[in-house]
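Everything numeric here is computed off the predicted structure, so don't read it as measured data. These numbers come from the heavy atoms of this one structure, side chains and all, not from hydrogens, waters or symmetry mates.
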Amino acid sequence: MKKQRVMGILSLILGIFLLFAGIYALSHLRTTFAGMIVFYGVLAVFTGIVDIVSCAKMDYSTGFVPVIGLASGAFSIAAGVMLLFHPAAGGISLMILFPIWFIAHCVSELERLPCIRYERGEGYYIFALTVNIIGLILGAMLLFSPFLSLFSLPVITGAYLVLLGINSIVLGVQNIVQ
C-alpha cells in the first residue's frame with residue numbers, strides 16, 4: 001500500500017511536470033531550441049527514472065518484467081543526459097530523438113496496458129490506449145518528416161506532453177486515493 005502511494009506521488013509529480021512542459025511549449029512557440037533542449041533533457045531524465053521505477057514496481061507486484069519499459073526508461077535517461085550535456089548537438093538531434101522517444105515511450109505504455117486494465121479498470125485503460133496511439137502516430141509523423149519535426153516540434157510535443165501529463169496525474173491520483 002505504501003509503495004503504491006509512493007508511485008502515485010511520483011506519477012503525480014511527473015504529470016504536473018509534463019503538463020507544465022506541454023503548456024510551456026504551446027505558449028512559447030517562438031522560443032529558441034536551447035531552452036527547449038535543456039527543459040526536455042530534464043524531462044526525459046525524470047520520465048526515464050519514473051519508467052524504470054514503474055517497471056520495478058510491476059515486477060514486484062505481478063512477477064512480470066516489462067523489458068520494453070526498462071529499455072524505454074534507459075533510452076529516456078540517455079537521451080536526456082545527451083540533451084543536457086551536448087545542447088549544441090541537441091537542436092539537430094532533437095528532430096530524431098524526440099520521435100524515437102515518443103514511439104519508445106508509447107510502445108512501453110502499450111505493453112503495460114493489460115496490467116493497467118486489470119488494476120485501473122476499463123475507463124482508464126481506454127484513455128491510456130487512446131493517448132498512446134496518438135503518441136505513436138505523432139512519433140511516426142515526426143520521424144518520417146524531419147522538416148515537419150523542425151517547424152512543428154513545439155506544437156506537437158506541447159500537445160502530446162499535455163496529454164501525457166493528464167494521463168500521469170490521473171494515474172497518480174488513483175494510486176494515492178487507493
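- Residues Met141 and Leu136 are not in side-chain contact: their nearest non-hydrogen atoms beyond the backbone lie 4.5 Å or more apart.
- Counting heavy atoms from C-beta outward, Thr47 and Ile77 have side chains that stay 4.5 Å or more apart.
- In plain terms, the two heavy atoms of Ala128 and Leu113 that are nearest each other are CB-CD2, 3.8 Å.
- Note that SG of Cys55 and CD of Glu111 are 7.5 Å apart. Values are rounded to the nearest 0.5 Å.
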> Can you check side-chain contact (heavy atoms from CB on, under 4.5 Å) on Arg112 and Asn132, steps first, answer last?
Replying inline: CA-CA 11 Å; Arg112 289 186 247 181; Asn132 287 297; over 6 Å; no
>> As a quick check of understanding, evaluate side-chain contact (heavy atoms from CB on, under 4.5 Å) for Ile100 and Phe75, giving each step before the final call.
In response: CA-CA 9 Å; Ile100 293 172; Phe75 182 74; 3.5 Å; yes
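- Ser72 pairs by the side-chain hydrogen bond (donor to acceptor under 3.5 Å, both in side chains) definition with nothing, not counting sequence neighbours.
- Here the closest heavy-atom approach between residue Leu110 and residue Pro114 is recorded as O-CD, 4.0 Å.
- Between Leu83 atom CG and Leu43 atom CG the span is 10.0 Å, to the nearest 0.5 Å.
- If you take CG on Leu70 and CD1 on Ile52, they are separated by 6.5 Å, rounding to the nearest 0.5 Å.
- The side-chain heavy atoms of His105 and Leu164, taken from C-beta on, include a pair separated by under 4.5 Å.
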Could you give the side-chain donor-acceptor pairs of residues 6-21 under 3.5 Å, partners two or more places apart or in another chain?
residue : atom : partner : partner atom : Å
Ser11   : OG   : Ser168  : O            : 2.9

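- Hydrophobic clustering keeps Tyr118 apart from Tyr125 (ILVMFWY residues linked when any side-chain heavy atoms are closer than 4.5 Å, directly or through intermediates).
- Judged as a side-chain hydrogen bond (donor to acceptor under 3.5 Å, both in side chains), and not counting sequence neighbours, the contacts of Asn167 are Tyr124.
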